[in-house]
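Residue indices begin at 1 and follow the sequence shown.
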Amino acid sequence: LAGEEVFIDYGKGWDEAWDKHRQEWRPVDGAEKYSPAYEADAADLVLKTVFEEINDPYPDNYRTMCYYEFAKDNDGNIIEEEYDLMTANIVNGMDLEEIVEHAFEWESRHLDDYLHPCKLLARLVSDDQIHYMALIMQKGESGERRAGAKRFVSHIPREGIKLMDKSYTTDQHLPNAFRHYMEIPDDIFPSTWMDR
């Protein structure tokens with residue numbers, strides 16, 4: 001019924017483990033400096049470029065991600081010419097203005113696409129609008145970066161970029177986080193649900 005609460009007994013072993021955890025738990029080294037990336041992502045209207053991070057870095061647990069769709073052929077393979085040319089040009093000494101001029105321009109349709117690791121190279125300000133120039137590295141199917149799949153993209157708005165926690169850096173991954181299975185007694189389940 002509406003307003004009623006359901007209480008589940010996790011078992012004596014769970015209760016004992018929880019009480020022990022509460023008595024013995026201590027913060028891990030560096031906990032006082034920890035800041036979840038989602039807080040900064042919600043608060044920071046202006047993001048740091050990689051050059052600004054040299055003297056004023058983000059916390060170690062942050063990573064910068066950009067929404068972007070890499071063009072693919074009919075077989076689902078990245079169309080390599082699109083980023084290989086730009087990668088070669090930056091190695092051959094193009095300055096930032098030339099890169100912006102030749103980079104792929106971000107489009108709002110990219111907000112519907114995947115997030116990829118990116119490095120913010122420059123902040124572009126015009127008509128009181130702030131956009132970013134970034135090097136975007138394509139993520140593979142299982143989340144890893146694919147070697148060579150990189151693209152310079154200009155005019156990325158703030159909503160096209162997210163600050164996110166690096167994998168395994170959030171509280172749930174701490175070595176001293178509480179973990180214990182629930183000890184649910186067999187007799188709470190109907191007999192027809194039980195293995196025979």
Side-chain angles (χ1 to χ4, degrees), residues 10 14-15 17-70 90 96 99-100 103-147 149-182:
Y10 287 175
W14 191 97
D15 287 338
W18 175 245
D19 289 340
K20 183 173 186 282
H21 174 77
R22 289 178 62 192
Q23 290 171 8
E24 296 178 359
W25 183 87
R26 299 292 177 270
V28 295
D29 290 341
E32 69 283 352
K33 298 177 186 174
Y34 175 76
S35 168
Y38 71 84
E39 289 181 355
D41 189 60
D44 291 354
L45 300 179
V46 177
L47 299 173
K48 299 174 190 175
T49 68
V50 291
F51 305 106
E52 292 167 332
E53 285 193 71
I54 292 170
N55 295 319
D56 185 19
Y58 283 121
D60 290 340
N61 57 298
Y62 288 18
R63 65 179 173 176
T64 309
M65 304 289 283
C66 293
Y67 285 101
Y68 192 73
E69 178 185 19
F70 281 81
I90 184 64
L96 189 59
I99 296 170
V100 171
F104 292 88
E105 191 163 331
W106 193 90
E107 299 174 20
S108 60
R109 67 179 172 84
H110 294 306
L111 279 174
D112 297 328
D113 293 303
Y114 298 104
L115 278 167
H116 299 281
C118 60
K119 296 184 183 299
L120 303 184
L121 303 177
R123 190 179 304 109
L124 313 170
V125 182
S126 64
D127 300 325
D128 296 327
Q129 297 290 315
I130 298 176
H131 294 89
Y132 296 86
M133 165 77 184
L135 175 63
I136 301 178
M137 288 78 70
Q138 197 239 359
K139 259 188 343 187
E141 294 301 320
S142 60
E144 79 281 0
R145 262 186 258 162
R146 287 177 47 173
K150 300 174 184 174
R151 181 165 301 162
F152 291 95
V153 180
S154 68
H155 297 87
I156 306 172
R158 176 61 183 86
E159 64 266 24
I161 305 166
K162 289 187 74 63
L163 291 177
M164 299 181 73
D165 285 291
K166 291 177 182 173
S167 298
Y168 307 108
T169 62
T170 56
D171 288 346
Q172 65 186 355
H173 298 290
L174 290 172
N176 62 346
F178 179 71
R179 294 177 180 86
H180 196 281
Y181 58 89
M182 295 184 294

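No more than 12 heavy atoms of other residues, nucleotides or ligands lie within 6.0 Å of OH in Tyr10, so this atom counts as exposed by the packing criterion. Environment of CG in Asp19: crowded, with over 12 heavy atoms of neighbouring residues, nucleotides or ligands closer than 6.0 Å. Within 6.0 Å of CG in Asp15 there are more than 12 heavy atoms belonging to other residues, nucleotides or ligands. When the shell of 6.0 Å around CZ of Arg179 is examined, it contains more than 12 heavy atoms from other residues, nucleotides or ligands.
Here OG of Ser35 is found 8.5 Å from CG of Asp165. Values are rounded to the nearest 0.5 Å. With values rounded to the nearest 0.5 angstrom, Asn176 atom CG is found 11.0 Å from Glu24 atom CD. Of the inter-residue distances, the one linking Phe178 atom CZ with Lys20 atom NZ reads 10.5 Å to the nearest 0.5 angstrom. Put simply, CG on Leu174 and OH on Tyr34 are 8.0 Å apart, with the number rounded to the nearest 0.5 Å.
Contact annotation: the side chain of Tyr67 never approaches that of Ile161 to less than 4.5 Å [non-hydrogen atoms, C-beta and beyond]. Using a 4.5 Å heavy-atom threshold, the side chains of Met137 and Lys119 count as touching. The shortest distance between side-chain heavy atoms of Pro57 and Tyr62 does not fall below 4.5 Å.
Classified by interplanar angle (parallel below 30°, tilted 30° to 60°, perpendicular above 60°), the ring pair Trp14/Trp18 is parallel.
Looking at Asp41, its side chain never comes within 3.5 Å of a backbone N or O of Met164 through a donor-acceptor pair. Using modelled atom types, one side-chain atom of Lys48 and one backbone atom of Asp56 make a donor-acceptor pair closer than 3.5 Å.
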| field | Check against side-chain contact (heavy atoms from CB on, under 4.5 Å), Lys162 and Tyr38 | value | CA-CA 8 Å; Lys162 289 187 74 63; Tyr38 71 84; over 6 Å; no
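Ring centroid separation for the pair His116 and Tyr68 does not come in under the 6.0 Å cut-off.
Checked against side chain to side chain donor-acceptor pair (under 3.5 Å), Gln23 has no partners two or more places apart in sequence or in another chain. Lys166 is linked by a side-chain contact (heavy atoms from CB on, under 4.5 Å) to Arg63, Thr169, counting only residues two or more places apart in sequence or in another chain.
Ala40 and Leu163 make their closest contact through CB-CD1, 3.9 Å (heavy atoms, listed as atom of the first residue, atom of the second, distance).
Defined by atom type and a distance below 3.5 Å, a donor-acceptor pair is missing between the side-chain atoms of Thr64 and Tyr58.
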Distance-only criterion, 3.5 Å: show the donor-acceptor pairs between side-chain atoms of residues 122-136 and protein atoms not counting sequence neighbours.
from, atom 1, to, atom 2, distance (Å)
Arg123, NH1, Glu52, OE2, 3.2
Arg123, NH2, Leu47, O, 2.8
Arg123, NH2, Glu52, OE1, 2.6
Arg123, NH2, Glu52, OE2, 3.1
Tyr132, OH, Leu47, N, 2.8

